[in-house]
Amino acid sequence: MGRHFLQIPGPTNCPDEVLRAISAPTIDHRGPTFAALGTRVLEKIKPVFGTTNPVVIYPASGTGAWEAALVNTLSPGDKVLCFETGHFATLWQSMALELGLEVEMVAGDWRHGVDTDAVAAHLGADTAHEIKAVCAVHNETSTGVTSRIGDVRAAMDSVDHPALLLVDTISSLGSIDYRHDEWKVDVTVAGSQKGLMLPPGLSFNAVSDKALEAHRTAGMKRSFWDWTPILAANEKGMWPYTPATNLLYGLEVALDMLADEGLENVFARHQRWARATRAAVEAWGLEILCLDEREHSGVLTAVVMPEGHDADALRALILERFDMSLGAGLTRLAGRVFRIGHLGHFEDLSLVGTLGGVEMGLGLAGVPFTPGGVQAALAVLQED
Ligand SMILES: *Cc1c(COP(=O)(O)O)cnc(C)c1O
């Protein structure tokens with residue numbers, strides 16, 4: 001009985017208004033009603049990225065939009081600079097290699113964001129301008145670390161390097177402050193199922209003028225992901241193939257909700273939940289994975305398990321006893337961390353319930369901890 005607590009950092013809970021919109025009858029994707037919807041969502045999506053440029057919408061998971069960013073802007077053998085900030089950055093890097101790009105990988109400890117000094121050092125040393133793109137994950141969902149993309153841009157500018165800047169915002173868009181135009185990002189990759197409060201199934205590329213220019217001569221093979229026919233069809237609110245009609249109904253509702261609330265307020269409430277969650281973790285005497293005060297994620301908190309205790313056993317117990325799903329540790333972090341998602345359709349009392357479930361789970365699993373985390377979180381929520 002009661003509702004399932006889906007507290008993984010994506011897919012997230014969807015507002016009822018969004019689910020109702022998606023359940024409307026499917027319409028003719030070549031008819032005038034659809035064209036009007038397409039035109040509206042293509043406009044309404046722009047402010048969420050902080051752009052006035054086009055945003056390409058794919059009926060695909062975020063992984064598809066990663067591929068689209070690479071194949072639309074680069075040529076076989078081009079060099080890309082990647083940063084090992086965690087599981088997702090590593091996957092994107094592997095994809096680049098599989099697609100025939102050359103990767104310069106800056107190693108990382110999975111507890112910090114993109115090292116901006118390394119950005120300047122690697123690009124500064126590349127006087128021949130062989131590096132064609134810098135790939136960065138804004139919010140590393142596997143670690144709960146948010147990279148400072150504005151500072152990455154400043155580091156690129158400090159050495160006057162012409163590489164494109166490609167940024168994954170799959171788990172941050174619509175939840176953490178992000179500025180595609182201001183930070184001169186060339187392709188921003190996003191997905192529907194995290195901050196945008198939709199089910200999985202849509203993904204996005206916001207594109208700069210410089211990215212569109214690179215696209216004209218980019219030699220990588222592409223067909224489904226090709227921006228050109230999509231942007232042409234988008235002029236009339238259409239797609240060259242069947243778009244995810246019903247998800248687009250939901251997208252319009254979600255975008256209206258974000259616009260009505262105001263993005264600043266949306267960002268602030270996520271940071272507040274993150275502060276309350278960290279207060280709980282600190283009171284429990286457990287360790288937060290993120291090590292840099294400037295980089296704590298607003299949308300999830302990754303908690304390190306004490307030595308000798310298995311995070312997956314804790315998660316299984318919490319699922320069994322309290323019907324709550326928490327995020328698993330991924331690859332290198334498997335069993336060592338659990339992740340608390342505090343994004344999507346969410347509110348203070350959901351956070352209190354989430355932290356209550358974790359605190360009870362810690363006790364039942366015999367993990368050494370100090371009770372009182374929920375109380376500490378309540379204090380933050382009451383003051384702030
Ligand atoms: C979820 C996520 C992905 C993968 O997106 P899919 O929709 O599962 O393909 C990539 N990067 C980040 C940062 C993510 O959070």
Side-chain angles (χ1 to χ4, degrees), residues 11 14-69 71-73 169-170 173-174 178 180-181 185-209 211-212 215-216 222-261 263 266 344-345:
C14 304
D16 293 351
E17 298 91 312
V18 168
L19 295 175
R20 273 197 295 274
I22 290 170
S23 71
T26 302
I27 54 172
D28 173 10
H29 66 292
R30 308 220 185 268
T33 308
F34 180 82
L37 169 70
T39 302
R40 289 196 306 275
V41 293
L42 288 165
E43 270 314 301
K44 288 180 181 181
I45 190 86
K46 292 178 182 180
V48 180
F49 287 88
T51 189
T52 54
N53 261 44
V55 176
V56 177
I57 305 178
Y58 294 105
S61 87
T63 303
W66 267 350
E67 180 162 340
V71 299
N72 275 292
T73 56
T169 65
I170 294 174
L173 196 83
Y178 186 77
H180 177 92
D181 287 357
V185 178
D186 294 297
V187 185
T188 298
V189 175
S192 56
Q193 76 272 30
K194 296 175 187 178
L196 292 181
M197 309 181 292
L198 291 160
L202 292 179
S203 57
F204 310 89
N205 276 178
V207 297
S208 71
D209 291 338
L212 289 169
H215 177 62
R216 279 191 271 281
R222 55 184 173 261
S223 171
F224 180 77
W225 305 115
D226 196 335
W227 293 339
T228 297
I230 302 172
L231 290 173
N234 282 176
E235 296 278 336
K236 295 191 168 70
M238 305 285 197
W239 271 258
Y241 43 71
T242 317
T245 324
N246 290 52
L247 286 175
L248 294 173
Y249 294 150
L251 178 61
E252 181 169 41
V253 172
L255 293 173
D256 286 345
M257 288 175 73
L258 291 172
D260 286 350
E261 184 178 352
L263 284 172
V266 173
H345 182 51

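At least one donor-acceptor pair under 3.5 Å links the side chain of His215 to the backbone N or O of Asn72. Checking side-chain atoms of Ser192 against main-chain N and O of Leu202 turns up a donor-acceptor pair under 3.5 Å. Using a distance-only test at 3.5 Å, with no hydrogens or angles considered, a donor-acceptor pair links the side chain of Asn234 to the main chain of Met238. Side chain of Ser203 to backbone of Ser61: a donor-acceptor contact under 3.5 angstrom is found. A donor-acceptor contact shorter than 3.5 Å is absent between the side chain of Asn53 and the backbone of Ala206. Between the side chain of Tyr58 and the backbone N or O of Trp225 there is at least one donor-acceptor pair closer than 3.5 Å.
Contact detail for Pro54 and Leu231: the closest heavy-atom pair is CB-CD2, 3.7 Å. In terms of heavy-atom proximity, His180 sits nearest to Thr51 at CD2-OG1, 3.5 Å. Heavy-atom minimum distance, Leu198 versus Ile22: CD2-CD1, 4.4 Å. Across Ser208 and Val185, no two heavy atoms sit closer than the pair CB-O, 3.5 Å.
Counting only N and O atoms by type, the side chains of Tyr249 and Ser23 include no donor and acceptor under 3.5 Å apart.
Within the 4.5 Å cutoff, the side chain of Pro59 has heavy atoms near those of the Phe224 side chain. Asn205 places none of its side-chain heavy atoms less than 4.5 Å from the side chain of Trp66. In this structure, the side chains of Asp16 and Arg20 come closer than 4.5 Å at one or more pairs of heavy atoms. At a threshold of 4.5 Å between non-hydrogen side-chain atoms, the residues Ile57 and Leu251 count as touching.
Between Trp239 and Phe34, the ring planes lie perpendicular to each other; the angle is over 60°, past the 30° to 60° tilted range.
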Practice task
Evaluate side chain to side chain contact (heavy atoms under 4.5 Å, CB included) for Leu258 paired with Leu196, printing each intermediate quantity in order.
Solution key: CA-CA 8 Å; Leu258 291 172; Leu196 292 181; 3.9 Å; yes
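Taking 4.0 Å as the cut-off between side-chain N and carboxylate O, Arg40 and Glu43 do not count as a salt-bridged pair.
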